[in-house]
Visitor: 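Have a look at the structure that comes next, please.
One is the number of the first residue; the rest follow in order along the sequence.
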Amino acid sequence: MEDFKRSAEIYKAFCDENRLRIIYALKEGEKCACTLLEEVPVAQSTLSHHMGILVKSSVVTSRRKGKWTYYSLSDEGARQARNLLDEMLKKSEDYQACSACSD
């Protein structure tokens, strides 16, 4: 059986405009929260909320250094997200159109 809760966590990472902005910003490399605040037009508390979702999804990783948190894209998380989407949208080998309902 599918782990729908885990799947939802991964998809949630991609279902917000600001999280997409953050992911796009991290394509350039690791960034601290202060840099992301300059690039993404949200309040600090909102950024923290979005980063929590992204880290929980495993699409983004974080590390602490002193008082700052640094974020980067996760190769493994990206692979999991791609595989999940591929698997979810792949039709089964015995896929059939519905013929039970009449027009």
Visitor: Restricting to salt bridge (charged side-chain N to carboxylate O under 4.0 Å, His left out), what partner residues turn up for Glu28, sequence neighbours left out?
Guide: Lys31

Visitor: Other than Trp68, which residues form its hydrophobic cluster under the rule that side-chain heavy atoms must be closer than 4.5 Å?
Guide: Tyr70

Visitor: If hydrophobic residues (ILVMFWY) are linked whenever their side-chain heavy atoms come closer than 4.5 Å, directly or via other members, who joins Val40 in its cluster?
Guide: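 Members alongside Val40: Ile10, Tyr11, Phe14, Leu20, Ile22, Ile23, Leu26, Leu36, Leu37, Val42, Leu47, Met51, Leu54, Val55, Val59, Val60, Tyr71, Leu73, Leu84, Leu85, Met88, Leu89.
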
Visitor: Name all residues meeting the salt bridge (charged side-chain N to carboxylate O under 4.0 Å, His left out) criterion together with Glu17; count only those two or more places apart in sequence or in a different chain, and write none if there are none.
Guide: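 If we apply the salt bridge (charged side-chain N to carboxylate O under 4.0 Å, His left out) test to Glu17, skipping adjacent residues, the hits are Arg21.
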
Visitor: Taking all atoms of both residues into account, what is the closest heavy-atom pair of Ser74 and Gly77, and its distance?
Guide: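 Minimum heavy-atom contact is OG-N, 2.9 Å.
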
Visitor: By side chain to side chain donor-acceptor pair (under 3.5 Å), which residues pair with Ser7, not counting sequence neighbours?
Guide: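 Result, side chain to side chain donor-acceptor pair (under 3.5 Å) vs Ser7: none returned.
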
Visitor: Residues in side chain to side chain donor-acceptor pair (under 3.5 Å) with Thr61, at least two apart?
Guide: Ser72

Visitor: Who passes salt bridge (charged side-chain N to carboxylate O under 4.0 Å, His left out) against Arg63, sequence neighbours left out?
Guide: Glu30

Visitor: Go through the structure and list residues passing side chain to side chain contact (heavy atoms under 4.5 Å, CB included) with Arg64, not counting sequence neighbours.
Guide: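 Counting only residues at least two positions away or on another chain, Arg64 forms a side chain to side chain contact (heavy atoms under 4.5 Å, CB included) with Thr69.
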
Visitor: Give me the other members of the hydrophobic cluster that Tyr95 sits in, counting Ile, Leu, Val, Met, Phe, Trp and Tyr linked by side-chain heavy atoms under 4.5 Å, directly or via other members.
Guide: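 The other cluster members (ILVMFWY side chains, heavy atoms under 4.5 Å, direct or chained): none.
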
Visitor: Tell me, do Cys34 and Lys67 make a side-chain contact under 4.5 Å, heavy atoms counted?
Guide: no

Visitor: According to side chain to side chain contact (heavy atoms under 4.5 Å, CB included), who are the partners of Lys12, at least two apart in sequence or on a separate chain?
Guide: Arg19, Ile53

Visitor: Lys90: which residues meet the side chain to side chain contact (heavy atoms under 4.5 Å, CB included) condition with it, sequence neighbours left out?
Guide: Glu87

Visitor: Would you give the length of the straight line joining atom CG of Asn18 to atom NE2 of His49, rounded to the nearest 0.5 angstrom?
Guide: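 The distance works out to 10.0 Å.
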
Visitor: Looking at Arg6 and Ser57, what are the two nearest heavy atoms and their distance?
Guide: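 That closest heavy-atom pairing would be NH2-O, 2.9 Å.
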
Visitor: Name all pairs fulfilling the salt bridge (charged side-chain N to carboxylate O under 4.0 Å, His left out) condition that reach into residues 77-86, sequence neighbours left out, sorted by first residue then second.
Guide: Glu76-Arg79

